[in-house]
Amino acid sequence: MHYQTTPSWGCYMATTAAVEDPVERIERLAAENAVVIFSISTCCMCHAIKRLFCGMGVNPTVHELDEDPRGGEMEKALMTLLGTSSAVPVVFIGGKLVGAMDRVMASHISGTLVPLLKDAGALWL
């Protein structure tokens, strides 16, 4: 797994710079890698979804919201995108929102997850 953290110097950037909207930031981060998971480091469901992808041979990029200074804003934006009160884990494949744990597991069980991963270039089987 590849974990993304915000560099410590980011907190000291000039305040005159425009602050990126949380939804735009999520979309940008989701588009940077084939599989992106927004997670909280102590969440058991987040751990399970990360293990699922690693077990399939996929190397997801993981953004731990509790380790990001703007993670709370991103968590609220993810809840809005999903239309739920639980924001994590949230999975993007090929820059497109797949959804939370229930949607990912439903895709895996129905056999549609592997083709999504292949199309995104995350799986070569």
Side-chain angles (χ1 to χ4, degrees):
M1 277 180 277
H2 180 71
Y3 287 88
Q4 293 287 329
T5 58
T6 304
S8 60
W9 54 264
C11 297
Y12 301 106
M13 294 177 71
T15 56
T16 57
V19 177
E20 189 175 21
D21 176 69
V23 174
E24 290 173 0
R25 184 171 185 220
I26 290 166
E27 290 170 349
R28 179 180 54 79
L29 293 171
E32 289 178 353
N33 298 94
V35 178
V36 177
I37 301 172
F38 290 93
S39 171
I40 291 179
S41 59
T42 58
C43 170
C44 63
M45 291 303 204
C46 297
H47 177 73
I49 207 82
K50 291 181 266 189
R51 297 303 318 144
L52 171 69
F53 284 109
C54 289
M56 296 174 75
V58 174
N59 187 23
T61 297
V62 178
H63 295 280
E64 298 290 2
L65 299 179
D66 57 327
E67 297 173 6
D68 187 315
R70 295 186 58 210
E73 296 172 13
M74 292 173 63
E75 189 172 359
K76 289 177 187 172
L78 287 166
M79 285 189 277
T80 301
L81 284 173
L82 292 172
T84 64
S85 60
S86 176
V88 292
V90 178
V91 177
F92 287 80
I93 299 176
K96 296 178 184 169
L97 175 64
V98 173
M101 180 76 156
D102 59 339
R103 297 292 303 250
V104 174
M105 292 308 295
S107 296
H108 182 51
I109 292 167
S110 71
T112 59
L113 184 59
V114 169
L116 281 175
L117 294 168
K118 286 181 181 177
D119 290 344
L123 196 60
W124 294 276
L125 295 176

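Here the structure is a predicted model, which is why all the values come from computation and not from measurement.
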- prompt: So do the side chains of M56 and V114 get within less than 4.5 Å of each other, counting heavy atoms only?
  reply: yes
Smallest heavy-atom separation, A34 atom then A120 atom, equals CB-O, 3.5 Å
Under-4.0 Å salt bridge between R28 and E24 | no
Margin query: With side-chain contact (heavy atoms from CB on, under 4.5 Å) as the criterion, how do L97 and L82 come out once you've worked through the C-alpha distance, each side chain's angles and the decisive distance to 0.1 Å?
Written below: CA-CA 9 Å; L97 175 64; L82 292 172; 4.2 Å; yes
*I would like to know whether K50 and V62 meet side-chain contact (heavy atoms from CB on, under 4.5 Å); could you show each step before the answer?*
CA-CA 8 Å; K50 291 181 266 189; V62 178; 3.9 Å; yes
Heavy-atom closest pair (L65 atom, I40 atom, distance to 0.1 Å) is CB-CG1, 4.4 Å
Here the gap from C46 atom SG to R51 atom CZ, rounded to the nearest 0.5 Å, amounts to 14.0 Å
Nearest heavy-atom approach of V23 to A77 is CG2-CB, 3.8 Å
Does atom CZ (R70) have a neighbourhood of more than 12 heavy atoms from anything else shown, all under 6.0 Å? yes
Quick note, ring-ring contact (aromatic ring centres under 6.0 Å, His included) partners involving residues 75-114, not counting sequence neighbours, are F38-F92
Value for CG (N33) from OG1 (T61), rounded to nearest 0.5 Å, stands at 3.0 Å
**Prompt:** Are side-chain N/O atoms of T84 and S86 paired as donor and acceptor at under 3.5 Å?
**Reply:** no
Between R25 and D68, is there a salt bridge with N-O shorter than 4.0 Å?
yes
For I26 and M74, the nearest pair of non-hydrogen atoms, with its separation, is CD1-O, 3.5 Å
Taken to the nearest 0.5 Å, the spacing of C54 SG from I49 CD1 works out to 11.0 Å
CD of E73 to CG of L78, rounded to nearest 0.5 Å, is 12.0 Å
Residues I93, D119; criterion side-chain contact (heavy atoms from CB on, under 4.5 Å); working and verdict
CA-CA 9 Å; I93 299 176; D119 290 344; over 6 Å; no
Side chain to side chain, M105 and L52, heavy atoms closer than 4.5 Å = yes
Indicate if V88 and M79 have the same hydrophobic cluster label, given that clusters are the connected sets of ILVMFWY residues with side-chain heavy-atom separations under 4.5 angstrom. no
Closest non-hydrogen atoms of A30 and V36, given as atom of the first, atom of the second and distance, are O-CG2, 3.7 Å
Just checking M45: does its CE atom have more than 12 heavy atoms from other residues, nucleotides or ligands closer to it than 6.0 angstrom?
no
Distance-only, no hydrogens or angles: does the E64 side chain make a donor-acceptor pair with backbone N or O of S41 under 3.5 Å? yes
